[in-house]
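Nothing here was measured: the structure is a model prediction, and the numbers come from that model. Count residues from 1 along the sequence.
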Amino acid sequence: MSVKEILSAALILFSVIDILGNIPVVISLKEQGKNIESGKATIAAGVLMILFLFVGEQILKLFGVDVSSFAVAGAIVIFIIGMEMIMGITLIHEEPDLQSSSLFPLAFPMIAGAGTLTTILSLRAEYETLSILLAIALNMVFIYLMIHFSDWIHKKIGRSGAVVIRKIFGIVLLAIGIKLFKTNWAL
């Protein structure tokens, strides 16, 4: 475990979670009169991620899938999410029930969604568990701050700033997806 490994895993998770790109969604929920509890959403998402980190592999074993195979599948999902972010299209579409905001759709599926959970298991193929836990914790602190200060952030970066940030992280995700694929692909 090294600081570089922790920061690398944290950046990968940060890119997939894309809380900056989701600030407009948080603002929209607030404008609709939805009550967003940043602490509740952050804790719920963190618990989901940590549970999946420890139990996800056992779930895979029930289906006869190894972590490397899941990492390849995760690499493809990460690649698709990156393409969505860059091209402004939606290939993986989720219909959230917007009646409840802090836990659903904010904690799940926006923060701890399919891409994030896939990424967590994919990271297990390359990083130590403690590094991933610390990366999750770093992201949870950042996510809490982003949700808590979402109104202020939205005013500062504006809609076009959020789009630019989303596109940059999309490119990062494409590269991460390709790297995970190359690392775990066995002929």
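- Closest non-hydrogen pair, Ala10 versus Asn139, comes out as O-ND2, 3.0 Å.
- Judged by distance alone, with hydrogens and angles left aside, the side-chain atoms of Ser69 form no donor-acceptor pair with the main-chain N or O of Val65 at under 3.5 Å.
- Under a hydrophobic clustering in which Ile, Leu, Val, Met, Phe, Trp and Tyr are joined whenever their side-chain heavy atoms come within less than 4.5 Å, directly or via other members, Leu7 and Leu13 fall into different clusters.
- Residue Phe52 holds its CZ atom at 10.5 Å from CD of Gln58, rounded to the nearest 0.5 Å.
- Between Gly177 and Ala75, the shortest heavy-atom contact is O-CB, 3.2 Å.
- In this structure, OG in Ser150 is found 8.5 Å from CD1 in Ile19, a value given to the nearest 0.5 Å.
- When all heavy atoms of Ile6 and Ala135 are compared, the pair lying nearest together is O-CB, 3.8 Å.
- Identified under the side chain to side chain donor-acceptor pair (under 3.5 Å) test for residues 39-56, with sequence neighbours left out: none.
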For this session: Would you sort out whether Leu103 and Phe108 count as a side-chain contact (heavy atoms from CB on, under 4.5 Å), showing the intermediate values?
Result: CA-CA 6 Å; Leu103 298 179; Phe108 179 83; over 6 Å; no

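- Taking the six-membered ring for Trp and the full ring otherwise, the centers of Phe14 and Phe142 sit less than 6.0 Å from each other.
- One hydrophobic cluster, built from ILVMFWY side chains closer than 4.5 Å, cannot hold both Leu138 and Val141; they sit in different ones.
- Residues Val164 and Leu174 do not share a hydrophobic cluster, defined by chaining ILVMFWY side chains whose heavy atoms lie under 4.5 Å apart.
- Atom-to-atom distance recorded for Phe149:CZ and Met146:CE is 11.0 Å, nearest 0.5 angstrom.
- Considering every non-hydrogen atom in both Tyr144 and Gly39, the closest pair reads CE1-N, 3.5 Å.
- With a 4.5 Å cut-off on side-chain heavy atoms, Tyr127 and Ser8 count as touching.
- In this structure, Ala41 and Ser102 approach most closely via the heavy-atom pair CB-O, 3.2 Å.
- Looking at heavy atoms from C-beta onward, Asp66 lies out of side-chain contact with Leu60 at the 4.5 angstrom threshold.
- Qualifying salt bridge (charged side-chain N to carboxylate O under 4.0 Å, His left out) partners for Glu126, counting only residues two or more places apart in sequence or in other chains: Lys179.
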Exercise. For Leu133 and Phe54, what are the C-alpha separation, side-chain angles and deciding distance, and is it a side-chain contact (heavy atoms from CB on, under 4.5 Å)?
Worked result: CA-CA 10 Å; Leu133 279 170; Phe54 290 108; 3.8 Å; yes

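- With contacts defined as side-chain heavy-atom distances shorter than 4.5 Å, the pair Met49/Ile111 qualifies.
- Arg124 places a side-chain N or O within 3.5 Å of a backbone atom of Leu53 that can act as its donor or acceptor partner.
- In this structure, Ala45 and Ala112 approach most closely via the heavy-atom pair O-CB, 3.8 Å.
- The distance from the CD1 atom of Ile136 to the CD1 atom of Ile17 is 8.0 Å, given to the nearest 0.5 Å.
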Exercise. Asn35 and Glu37: side-chain contact (heavy atoms from CB on, under 4.5 Å), yes or no, with the steps?
Worked result: CA-CA 6 Å; Asn35 184 27; Glu37 297 176 56; 3.7 Å; yes

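- No continuous path of ILVMFWY side-chain contacts below 4.5 Å connects Val3 to Ile132, so the two sit in separate hydrophobic clusters.
- With hydrogens and angles disregarded, no donor-acceptor distance shorter than 3.5 Å links the side chain of Asn184 to the backbone of Val72.
- By the 4.5 Å heavy-atom criterion applied to side chains, Met83 and Ile89 are not counted as neighbours.
- Note: the hydrophobic cluster containing Ile43 does not contain Ile36 (ILVMFWY, side chain heavy atoms under 4.5 Å, direct or indirect links).
- In this structure, the side chains of Met140 and Ile143 come closer than 4.5 Å at one or more pairs of heavy atoms.
- No donor-acceptor pair under 3.5 Å is formed between the side chain of Glu5 and the backbone N or O of Ser131.
- Proximity of Ile50 to Ile120: side-chain heavy atoms (C-beta onward) are nowhere separated by under 4.5 Å.
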